[in-house]
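In what follows, a single structure is set out as structure tokens and then discussed.
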Amino acid sequence: MNDREKNKAYDEHWSWIRMIVVQSLLGSAMGAFTGWLIIHHDIHRIGTMIEKSEHWFGFAVLLMFGFATLFGMVAGGAAIWFRAAWGEE
């Protein structure tokens with residue numbers, strides 16, 4: 001492998017890493033926002049239950065973290081899949 005091929009592989013590697021991190025962070029932000037919306041709009045009285053709880057902050061963080069983790073993983077996985085199937089050559 002010559003230097004040109006090494007540099008191309010290095011650049012492609014970091015391009016993939018950046019893409020995965022950015023998409024995962026965007027997905028996590030959307031998930032945390034979704035969790036906040038569930039609490040804020042009191043969907044199925046979840047907001048009321050959390051508000052009346054003694055440890056409301058911890059429960060709110062756990063709900064939002066769960067959604068952030070789920071959405072982040074899905075967004076990162078979908079980004080990898082789309083780029084591998086239809087991305088750069």
Side-chain angles (χ1 to χ4, degrees):
M1 185 180 271
N2 61 28
D3 286 339
R4 183 171 167 235
E5 291 170 337
K6 286 181 187 177
N7 286 336
K8 183 180 177 186
Y10 180 83
D11 291 342
E12 184 177 345
H13 169 77
W14 283 107
S15 173
W16 274 82
I17 296 294
R18 276 191 306 274
M19 182 264 313
I20 293 167
V21 169
V22 168
Q23 296 303 318
S24 295
L25 288 175
L26 289 172
S28 293
M30 288 190 296
F33 184 66
T34 301
W36 178 81
L37 286 174
I38 289 170
I39 294 168
H40 179 73
H41 291 291
D42 201 20
I43 296 174
H44 289 286
R45 299 185 40 89
I46 290 175
T48 302
M49 287 188 285
I50 289 175
E51 180 184 7
K52 291 180 179 181
S53 171
E54 184 178 332
H55 304 290
W56 63 270
F57 183 77
F59 293 132
V61 168
L62 283 172
L63 179 72
M64 291 172 64
F65 179 77
F67 275 99
T69 303
L70 175 68
F71 280 48
M73 287 189 290
V74 169
I80 292 168
W81 177 40
F82 288 139
R83 186 165 177 181
W86 299 292
E88 302 170 6
E89 302 251 342

Applied to residues 16-47, the ring pair (Phe, Tyr, Trp, His ring centres under 6.0 Å) test, sequence neighbours excluded, yields Phe33-Trp36, Trp36-His40
All N/O donor-acceptor pairs, side-chain side in residues 22-29, below 3.5 Å, sequence neighbours left out:
unit_1: Ser24; atom_1: OG; unit_2: Ile20; atom_2: O; d: 2.9
unit_1: Ser28; atom_1: OG; unit_2: Ser24; atom_2: O; d: 3.0
unit_1: Ser28; atom_1: OG; unit_2: Ala68; atom_2: O; d: 3.3

So ring pair (Phe, Tyr, Trp, His ring centres under 6.0 Å) across residues 58-78, not counting sequence neighbours, yields none
Over all heavy atoms of both residues, which pair between Ile39 and Met64 is shortest? Give the atoms and the distance, please. CD1-CG, 4.4 Å
Any pair with a residue in residues 46-67 that passes side-chain hydrogen bond (donor to acceptor under 3.5 Å, both in side chains), sequence neighbours left out, goes on the list, sorted by first then second residue, please. Asp42-Thr48
Side-chain heavy atoms under 4.5 angstrom apart, residues restricted to Ile, Leu, Val, Met, Phe, Trp, Tyr: same cluster for Trp81 and Ile17? no
Is Ile80 reachable from Val21 through a run of hydrophobic residues whose side-chain heavy atoms are each under 4.5 Å from the next? no
Does one hydrophobic cluster hold both Met30 and Met73, with members joined at side-chain heavy-atom distances below 4.5 Å? no
For Arg18, side chain to side chain contact (heavy atoms under 4.5 Å, CB included) partners two or more places apart: Trp14, Ser15
Taken in chain and number order and not counting sequence neighbours, the residues that satisfy side chain to side chain contact (heavy atoms under 4.5 Å, CB included) with Asp11 are none
